[in-house]
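Computed from heavy atoms alone, side chains included, the values below leave out hydrogens, waters and symmetry copies.
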Amino acid sequence: MKSPDLEATSGLDFIRTRIAEDVKAGRNGGRVHTRFPPEPNGYLHIGHAKSICLNFGIAKEFGGLCNLRFDDTNPSKEEVEYEESIKRDVKWLGFDWDDRLFYASDYFGQLYQYAVQLIQSDKAYVDSLTADQIREYRGTLTEPGKDSPYRTRTIAENLELFERMRAGDFPEGAHVLRARIDMRSGNINLRDPAIFRVKYASHYRTGSQWCLYPMYDFAHALSDAIEGITHSLCTLEFEDHRPLYDWFLEQLQLPHRPQQIEFAKGFISYTVVAKRKLRTLVFDKRVSGWDDPRMPTLSGLRRRGFTPEAIRAFWESIGIAKRDSTIDVSQLEAAVRDDLNKKAPRAMAVLRPLRVVIENYPEDQVEELDAVNNPEDASMGKRKVPFSRIVYIERDDFRENPPKQFFRLSPGREVRLRYAYFITCTSVVKDENGEVVELRCSYDPATRGGDAPDGRSPKATMHWVSAAHAVRGEIRLYDRLFNDERPSEDEEGDFTSSLNPNSLEVLADAHLEPSLSSAQPGDRYQFERMGYFCADLDSKPGALVFNRTVTLRDTWARIEKGLKKPR
RNA sequence: UGGGGCGUGGCCAAGUGGUAAGGCACAGGUCUUUGGAUCCUGCAUUCGAAGGUUCGAAUCCUUCCGCCCCAGCCA
């Protein structure tokens, strides 16, 4: 845990700098109290992780607290399923709200009373214009609005109507409670914003107890005040709501004054994160669900094999600022690789098998060879890998007519099978279509373990798996969900046109080293030379399924695609 | 044509009057039983543009240009 030097604020982002200054000045009694306030109407995604890391991270760094508060003020959109997924994801990310789990709906009674106070001080009124009329009266971006004819109702009249709104005397839309601020304000949020509306939808927590629900601006500012929040961090689009946030706190003369500070969201290239778009992908079955490993949701990333540490490190490397940004996915990928390189045990898995018969290797012999579990971490130990006369290698590791820069196996060439022997390809077996179906090779018994007594060293070292010992498994290869760096919408508002049709490739018959047979869902490995993989939720003993989290950096692939010039 | 923000290398991002941190990406090299990892080196004479102030400006002033957000009884 970092503990920012409260004297020197240089190097801190602008929010931490301000908080450090507040602490130093003794504001809020030196307390730091933040909150993460999701609406339970969808799954958390990588962008939410930024806010979670910020809010919980700051609390931790400053010795403060961070609440988890559900902003459940719109019963028609919210569900328990979402609440549960959100709690699961926040915990998985590594944060804890202890006993500070709150709901805006817990405050409905208080919020109602605060609204009554506003009416009593003549700062709010019941409007009986229709929604359409209210929109007309609001004016436009460049033209001021005009006062509603109901704006001058008496306090007594407003009090009575508001009470009846709560009692269920009116249908939805008949009346709405509005703050009396300024219909001519340049800031549209200040043109008498609605603060309570009638809704007969059943709320997932309060049921039919209420038919009156507070609007976000009112509920949020007051919830912050009620909970003693000191710094209310939110994204840039709420910047011009801040005067309203402050207005509510000012008018109600609350003893505690939280301050709202805004920061920029962080978008990731080649994906979408807008709630509406994520819902479309799920409900239109463009993906298998909220936790489809291609989704940028935290549950998707988790299933894909990302670690919470990697996600936290990612956001930490990005920082906090007020500039709109689209971060290159490669930076997210770099963060997982960096974390998994240190943690993931290595294993050998042949994704696209090509049979190799080692002709001079004794027919019935099996050797148990030593393999290192993680060259980055000797404490992870070693394991035995069986070797025999027939092995499988990766199809891509053989070329009958190798291009100049290809230095893997080809006719007449010697390569090293990792931890095993040097083999040389002596002939190629093809089927009637001329396709290579098998390689015949010879091996050098003196190279057992992978070292030659004469010191020679092949240019390529390849992974392999013994045919007789291999376990079969399904491997799911994922690629970016969209082909566009910033998936855009066409005229019809359809953002799915740039969906990558090849974002999922299933390899049904991968051959895995036997130690993998005990893999449990969630276990992560590096399949040597292929990437990082994670046993899927669907994986079972005897029916293994692995998701590719991310490939390894692959210089050869880049040369082959012409992205990099060969050395 | 209203209000609120933002413009520093391909992508992020420090810097807030003293002569452009860092990460990702990229390039080259080292090392290597993963074409992985590691390690080293390189990568903005310039900070949206133009003027101005100053011994000195990314930082101060002026004007201009560009991008984002706001007209839910959504959050």
Is [X] touching bases, backbone alone, or none of the nucleic acid, heavy atoms closer than 4.0 Å?
X	answer
A:Glu237	sugar-phosphate
A:Ser76	nothing
A:Phe238	base

Compare the minimum distances between each of [options] and the side chain of [X], then state the nucleotide with the smallest one.
X	options	answer
A:Phe406	B:rC6, B:rG35, B:rC70	B:rG35
A:Ile188	B:rG35, B:rG23, B:rA71	B:rA71
A:Thr142	B:rU1, B:rG5, B:rU34	B:rU1

Given B:rC73, is OP1 or OP2 found less than 4.0 Å from the side-chain N or O atoms of A:Arg138?
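Answer yes for this pair, as a side-chain N or O of A:Arg138 is under 4.0 Å from OP1 or OP2.
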
Does B:rC74 have OP1 or OP2 under 4.0 Å away from a side-chain N or O of A:Arg279?
no

If I take atom [atom1] in residue [X] and atom [atom2] in nucleotide [N], what distance separates them, rounded to the nearest angstrom?
X	N	atom1	atom2	answer
A:Tyr137	B:rG72	OH	P	16 Å
A:Trp247	B:rG4	CH2	P	20 Å
A:Leu12	B:rG22	CG	P	19 Å
A:Glu316	B:rA13	CD	P	15 Å
A:Phe263	B:rA14	CZ	P	14 Å
A:Tyr525	B:rA37	OH	C1'	21 Å
A:Asp554	B:rC26	CG	P	12 Å

Salt-bridge criterion met for A:Arg524 and A:Glu309 (N-O under 4.0 Å):
no

Using 4.0 Å as the upper bound for N to carboxylate O, is an ion pair formed by A:Arg205 and A:Asp106?
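The answer is yes: the pair qualifies as a salt bridge.
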
Relative to the ring of [Y], is the ring of [X] parallel (under 30°), tilted (30 to 60°) or perpendicular (over 60°)?
X	Y	result
A:Phe527	A:Phe533	parallel
A:Phe248	A:Phe218	perpendicular
A:Phe102	A:Tyr107	tilted

Heavy-atom distance under 4.5 Å between the side chains of A:Ile268 and A:Val273, does that happen here?
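No, side chains not in contact.
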
Would you indicate whether the side-chain heavy atoms of A:Thr447 and A:Arg416 approach each other to under 4.5 Å?
no

Between B:rG17 and B:rA57, how far is it from one P atom to the other, in whole Å?
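Approximately 14 Å lies between the P atom of B:rG17 and that of B:rA57.
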
Say we look at B:rU46 and B:rG9: how far apart would their C1' atoms be, to the nearest angstrom?
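Their C1' atoms lie roughly 10 Å apart.
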
Tell me which residues in residues 324-343 of chain A put a heavy atom below 4.0 Å from RNA chain B, sorted by number, or none.
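Those residues are A:Asp324, A:Ser325, A:Thr326, A:Ile327, A:Asp328, A:Ser330, A:Gln331, A:Ala334, A:Asn341.
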
Given that both pair distances must be under 3.5 Å and the pair must be Watson-Crick or G-U, what runs of three or more consecutive pairs involve RNA chain B?
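If one scans RNA chain B for consecutive Watson-Crick or G-U pairs, the stems found are B:2-7 with B:65-70, B:10-12 with B:22-24, B:26-29 with B:39-42, B:48-52 with B:60-64.
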
Return the 5'-most residue of the pair A:Leu236, A:Tyr419 with respect to RNA chain B, ranking by each residue's nearest nucleotide.
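The answer here is A:Leu236.
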
